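Everything on this sheet refers to the single structure shown next.
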Amino acid sequence: MTTLFVDGWFGPDPGDWQELWALGLPGSARVVQDDWERPERGAWMARLDEAVRQCAEPPVLVAHSLGCVTLAHWVADGARWPVRAALLATPADVETNRKPEIRGFDPIPRVAFPFPTILAASRNDSWMTPDRARSFARDWGARLVDAGEVGHLTVGEGVGRWPAGAELHAELLGDGVSALGPST
């Protein structure tokens with residue numbers, strides 16, 4: 001089963017939970033963007049589309065931050081390739097965090113995802129309030145999970161391997177067993 005990681009603004013951070021998971025998941029891949037610092041919605045959606053298309057079977061998507069918003073735009077645009085499920089980790093609310101570099105990602109689509117989806121929201125995320133996360137989860141048809149006080153799930157916040165997220169990933173795989181092993 002392919003797990004495809006959809007990173008957010010500034011891309012992969014050495015030692016982040018996505019990198020640690022990818023190292024432990026044979027056959028996993030990351031969507032590689034051409035410009036991590038100056039994201040452009042159309043280009044990011046095209047790279048996501050290309051990565052999903054290249055998967056031998058419908059992947060489980062694991063998106064973080066602006067990657068979640070990219071995925072929402074991809075779904076709203078028609079999501080031409082099948083996806084097994086998605087884990088959305090601490091989406092970035094680009095409608096309330098009005099950074100000029102990411103302005104092109106708003107408004108955030110409110111279209112239901114056509115595959116099982118879990119949205120893991122943090123109680124103390126500077127990029128999205130719990131109330132906004134609840135609203136997006138409802139509109140996207142996602143099950144909302146309280147991830148606790150994990151900030152924006154970054155290395156700088158000391159998240160590490162994020163074992164609770166690995167359990168959500170296992171749930172989406174459908175067998176309830178984390179492919180990441182007991183060290184998560």
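Heads up: numbering here begins at 1 and tracks the sequence. All of these numbers come straight from a predicted model, not from anything done at the bench.
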>> Please report the interatomic distance CZ(R41) to CG(D77), rounded to the nearest 0.5 Å.
In response: 8.5 Å
> Can you name the nearest heavy-atom pair linking I108 to A92, along with the distance?
Replying inline: CD1-O, 3.9 Å
> Do side-chain atoms of N97 reach the backbone of D93 as a donor and acceptor pair under 3.5 angstrom?
Replying inline: yes
> Quick one: CZ on R161 to CG on L23, what's the gap to the nearest 0.5 Å?
Replying inline: 8.0 Å
>> Working to the nearest 0.5 angstrom, can you tell me the gap between L168 CG and L173 CG?
In response: 11.0 Å
> Are the side chains of P12 and E19 in touch, meaning some heavy atoms are under 4.5 Å apart?
Replying inline: no
> Between the side chain of Q18 and the main-chain N/O of F5, is any donor-acceptor distance below 3.5 Å?
Replying inline: no
> Under the ring-ring contact (aromatic ring centres under 6.0 Å, His included) test, which residues partner W81, sequence neighbours left out?
Replying inline: none
> After noting the C-alpha distance and the side-chain angles of T3 and H169, does the key distance pass the side-chain hydrogen bond (donor to acceptor under 3.5 Å, both in side chains) rule?
Replying inline: CA-CA 9 Å; T3 296; H169 178 259; 2.9 Å; yes
>> Give me the atom names and distance for the closest heavy-atom approach of S135 to R110.
In response: OG-NH1, 2.7 Å
> So which heavy atom on P39 is nearest to which on I102, and how close?
Replying inline: CG-CG2, 3.7 Å
>> Evaluate R53 against R80 for side chain to side chain contact (heavy atoms under 4.5 Å, CB included), listing each step before the verdict.
In response: CA-CA 8 Å; R53 180 177 48 83; R80 292 169 287 285; over 6 Å; no
> When clusters are formed by joining ILVMFWY residues with side-chain heavy atoms under 4.5 Å apart, either directly or through shared neighbours, do L66 and L153 land in the same one?
Replying inline: no
>> Applying salt bridge (Lys or Arg N to Asp or Glu O under 4.0 Å) to D16 and R30, what does each step give before you reach the verdict?
In response: CA-CA 13 Å; D16 66 14; R30 292 178 103 157; 3.5 Å; yes
> How many angstroms lie between atom CD of E37 and atom CD of E101, to the nearest 0.5 angstrom?
Replying inline: 9.5 Å
> Picking from D7, L88, T90, V6, what satisfies side chain to side chain contact (heavy atoms under 4.5 Å, CB included) with H64?
Replying inline: T90
>> Just to verify, which of V94, V69, T96 counts as forming a side chain to side chain contact (heavy atoms under 4.5 Å, CB included) with D106?
In response: V94
>> Assess the residue pair R143 and E171 against the criterion (salt bridge (Lys or Arg N to Asp or Glu O under 4.0 Å)); give the C-alpha distance rounded to whole Å, side-chain angles, the decisive distance to 0.1 Å, and a yes or no.
In response: CA-CA 12 Å; R143 180 167 67 88; E171 180 182 324; 2.5 Å; yes
> Between W17 and G160, what is the shortest heavy-atom contact and its length?
Replying inline: CB-O, 3.0 Å
> Given the rule that I, L, V, M, F, W and Y join up when any side-chain heavy atoms are under 4.5 Å apart, are L172 and W74 in one cluster?
Replying inline: no
>> Could you walk me through whether L4 and V52 satisfy the side chain to side chain contact (heavy atoms under 4.5 Å, CB included) test, starting with their C-alpha distance in whole Å, then the side-chain angles of each, then the deciding distance to 0.1 Å, before giving a yes or no?
In response: CA-CA 8 Å; L4 187 59; V52 173; 3.7 Å; yes
>> Hydrophobic clustering (ILVMFWY, side-chain heavy atoms < 4.5 Å, transitive) - are L48 and F10 grouped together?
In response: yes
>> Using every non-hydrogen atom in the two residues, find where A121 and A133 come nearest and quote the distance to one decimal.
In response: CB-CB, 3.5 Å
> Under 4.0 Å between a Lys/Arg side-chain N and an Asp/Glu carboxylate O for E57 and R84?
Replying inline: no
> Quick check: does any side chain N or O of E167 sit under 3.5 Å from a backbone N or O of A164, one acting as donor and the other as acceptor?
Replying inline: no
> Which pair of heavy atoms, one from A51 and one from V31, lies closest together, and at what distance?
Replying inline: CB-CG2, 3.8 Å
> Taking E50 for the side chain and A46 for the main chain, is one N or O donor matched with an acceptor at less than 3.5 Å?
Replying inline: no
Donor-acceptor pairs are to be reported for all side-chain atoms of residues 111-119 against protein atoms at under 3.5 Å, with residues two or more places apart or in another chain.
{"from": "T117", "atom 1": "OG1", "to": "F115", "atom 2": "O", "distance (Å)": "2.9"}

>> If you apply the rule side chain to side chain contact (heavy atoms under 4.5 Å, CB included), what do you find for H73 with W44, and how did you get there?
In response: CA-CA 10 Å; H73 281 289; W44 277 39; over 6 Å; no
>> Membership question, hydrophobic clusters at under 4.5 Å side-chain separation (ILVMFWY): are W21 and V145 in the same one?
In response: yes
> Is it true that a side-chain atom of W140 and a backbone atom of P109 form a donor plus acceptor pair closer than 3.5 Å?
Replying inline: yes
> Mind checking whether V62 and W36 sit in one hydrophobic cluster, side chains of I, L, V, M, F, W, Y counted as touching below 4.5 Å?
Replying inline: no
> Are any side-chain N or O atoms of E40 and backbone N or O atoms of G42, one a donor and one an acceptor, separated by less than 3.5 Å?
Replying inline: yes
> Do T70 and R47 get their side chains close enough for a donor-acceptor pair, meaning under 3.5 Å?
Replying inline: no
> Does the side chain of T129 pick up a donor-acceptor pair with the side chain of D131 at under 3.5 Å?
Replying inline: no
> Run the side chain to side chain contact (heavy atoms under 4.5 Å, CB included) check on W127 and W9 step by step: do they pass?
Replying inline: CA-CA 12 Å; W127 279 91; W9 192 14; 3.9 Å; yes
> Does the side chain of H152 come under 3.5 Å of the side chain of S65 through a donor N or O and an acceptor N or O?
Replying inline: yes
